[in-house]
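Hydrogens, waters and symmetry mates play no part in the numbers below; they use all other heavy atoms, side chains included. Residues: numbered from 1 along the sequence shown.
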Amino acid sequence: MKQAANTAARRVLALEAMDALVAALAARGYRVLGPTLRDGVVVYDEIDSAARLPAGWTDEQGPGRYRLRRGPDGALFSCRPGAASWKRFLHPPEVTLCRVRRQGRSFTVEPVSSPAKPLALVGARPCELAAIAIQDRVLTEGPFTDPGYAARRRDLFVVAAECTEAGATCFCASLGTGPRASSGFDVALTEAGRNGGRVLLARAGSERGRAVLEALPSRAATAEEVAVAEAALDRATREQDAVPGTEARDTLAGRYADGRWEAIAQRCLGCASCTLVCPTCFCTTVEDTCSLDGAEAVRTRRWDSCFTPEFSHVHGGSVRASLAGRWRHWFLHKFVTWPEQFGTPGCVGCGRCVTWCPAGIDIREELRALSAGAPQGGVA
């Protein structure tokens, strides 16, 4: 997909044009998904109009804390991402791989159905675009392609929402994944201004994105409106706490036996929440089940986590028996071995693992601590 530069010509959409955008995508055969409110949290679900978007709501996030509250205006995209990510649609938590039915002394294998409709994501944040790109690299660009993921990803249409306000747990700027959207979108929206002066600046990132924008009522953005939007994006960058980025890889690689892993494990519950909310983690397990009468067998793939002892179990026991060893593996995989294998960090700085850790472990603090000072003796 050829992407437009951030300086590309921008159009201004009236807020009411979001309904037309959702309708235009539905008319093109997409199943339209976007952020909605449910049970006191932002989740991604099917939307049929802009009325389903969390207009006027924002959030308060911190280590182990998430609360929704009313915002100062009716902004459409003031809420940062919640626990759920777009991963659940592209790389679902549970997938039936095959179903086998007995027929006399033989059997038949039923094919797995393909997605009914292509997906359109409305309101995807830049860090989430980076996460999708990482999943693409792992699941479609290597020697072994995941056919289900490839089918769901193939005709994906993405409407990005750039971040003009940073969340308290965001650190995408340190990893180069936000708050601006640079690639991975068909249309990018920047919501800027307040108190009746808000506008949606839109730019196309692909030919089909340009075709959709041309079908919507819009006008050319003024230089002042573009400047306001750019200033808001700059402010969102400055608001974030800086953490060591890719330059810390070599230092972190030397911390394998650091005593801090044990200190973290004393707080960690081993619940795997961080890996389940992470938009880039892709680990799975496969389970086979059989009906009691032996007439049917089903093979199912489910999300798994490197925080469970069973995940690394081989003959004789678990390779990573201690919680400190499992936390170290997850952390170093994100910031050391993932870059070695795939060329980018396995973290996009979305802050979900910080917000949704029940123990309030802050990966930013651990990045700073492990990237500075002399190593301490500890986990072997």
Side-chain angles (χ1 to χ4, degrees), residues 59-67 79-83 85 125-128 130-131 134 163 165-180 233-256 258-281 305-307 323-324 326-339 344-376 378:
D59 55 66
E60 297 175 354
Q61 299 192 38
R65 176 178 171 79
Y66 180 98
R67 295 290 187 275
C79 284
R80 268 72 61 175
S85 69
R125 299 295 184 169
C127 62
E128 296 179 309
I134 288 174
C163 298
E165 297 179 14
T169 59
C170 296
F171 57 105
C172 62
S174 295
L175 297 176
T177 60
R180 287 173 171 84
L233 293 169
D234 289 339
R235 184 172 60 251
T237 300
R238 294 193 302 270
E239 289 173 347
Q240 297 182 31
D241 290 337
V243 301
T246 54
E247 71 280 0
R249 187 182 73 181
D250 293 340
T251 303
L252 293 172
R255 304 290 170 150
Y256 191 81
D258 199 285
R260 193 171 183 90
W261 306 119
E262 290 286 5
I264 297 169
Q266 292 298 315
R267 301 168 56 198
C268 179
L269 303 177
C271 66
S273 176
C274 52
T275 60
L276 295 178
V277 299
C278 178
T280 66
C281 283
S305 171
C306 56
F307 274 83
L323 186 53
R326 293 195 290 276
W327 208 97
R328 175 183 61 192
H329 168 78
W330 174 74
F331 183 93
L332 293 182
H333 188 206
K334 294 291 184 186
F335 297 104
V336 178
T337 58
W338 199 313
T344 64
C347 174
V348 294
C350 68
R352 282 183 173 93
C353 61
V354 180
T355 298
W356 297 97
C357 173
I361 297 173
D362 193 329
I363 195 174
R364 298 169 300 178
E365 292 181 0
E366 306 312 325
L367 265 171
R368 296 188 192 101
L370 288 161
S371 299
Q376 300 174 356

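- Considering only residues two or more places apart in sequence or on other chains, Arg65 meets the salt bridge (Lys or Arg N to Asp or Glu O under 4.0 Å) condition with Glu60.
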- Pair Leu252-Ser371, side chain to side chain contact (heavy atoms under 4.5 Å, CB included): steps then yes or no: CA-CA 6 Å; Leu252 293 172; Ser371 299; 3.7 Å; yes
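- Using a 4.0 Å cut-off between charged nitrogen and carboxylate oxygen, Arg255 and Glu366 do not count as a salt-bridge pair.
- Each salt bridge (charged side-chain N to carboxylate O under 4.0 Å, His left out) pair with one or both residues in residues 354-364, not counting sequence neighbours, appears once here: Asp241-Arg364, Asp362-Arg364.
- His329 meets the ring pair (Phe, Tyr, Trp, His ring centres under 6.0 Å) test with His333; sequence neighbours excluded.
- Applying the salt bridge (Lys or Arg N to Asp or Glu O under 4.0 Å) rule to Arg249 yields no partners; only residues at least two apart in sequence or on another chain are considered.
- Legend: residues meeting ring pair (Phe, Tyr, Trp, His ring centres under 6.0 Å) with Phe171, ordered by chain and number and at least two apart, are absent.
- The two atoms that bring Trp338 and Gly346 nearest to each other are CD2-CA, 3.3 Å, heavy atoms only.
- Legend: residues meeting side chain to side chain contact (heavy atoms under 4.5 Å, CB included) with Thr344, ordered by chain and number and at least two apart, are Ile134.
- For residues 267-278, every residue pair satisfying the side chain to side chain donor-acceptor pair (under 3.5 Å) rule, not counting sequence neighbours, is listed here: Thr275-Ser305.
- Not counting sequence neighbours, the partners of Cys278 by the side chain to side chain contact (heavy atoms under 4.5 Å, CB included) test are Thr280, Cys281, Lys334.
- In terms of the side chain to side chain contact (heavy atoms under 4.5 Å, CB included) criterion, residue partners of Arg326 (sequence neighbours excluded) are, by chain and number, Pro309, Arg320, Leu323.
- Scored by the side chain to side chain donor-acceptor pair (under 3.5 Å) test, Gln61 finds Asp59, Thr355 as partners (sequence neighbours excluded).
- With sequence neighbours excluded, the residues satisfying ring pair (Phe, Tyr, Trp, His ring centres under 6.0 Å) with Trp356 are Tyr66.
- Residues passing the side chain to side chain contact (heavy atoms under 4.5 Å, CB included) test with Cys127 are Arg125, Cys172, Thr177, Val348, Cys350, sequence neighbours excluded.
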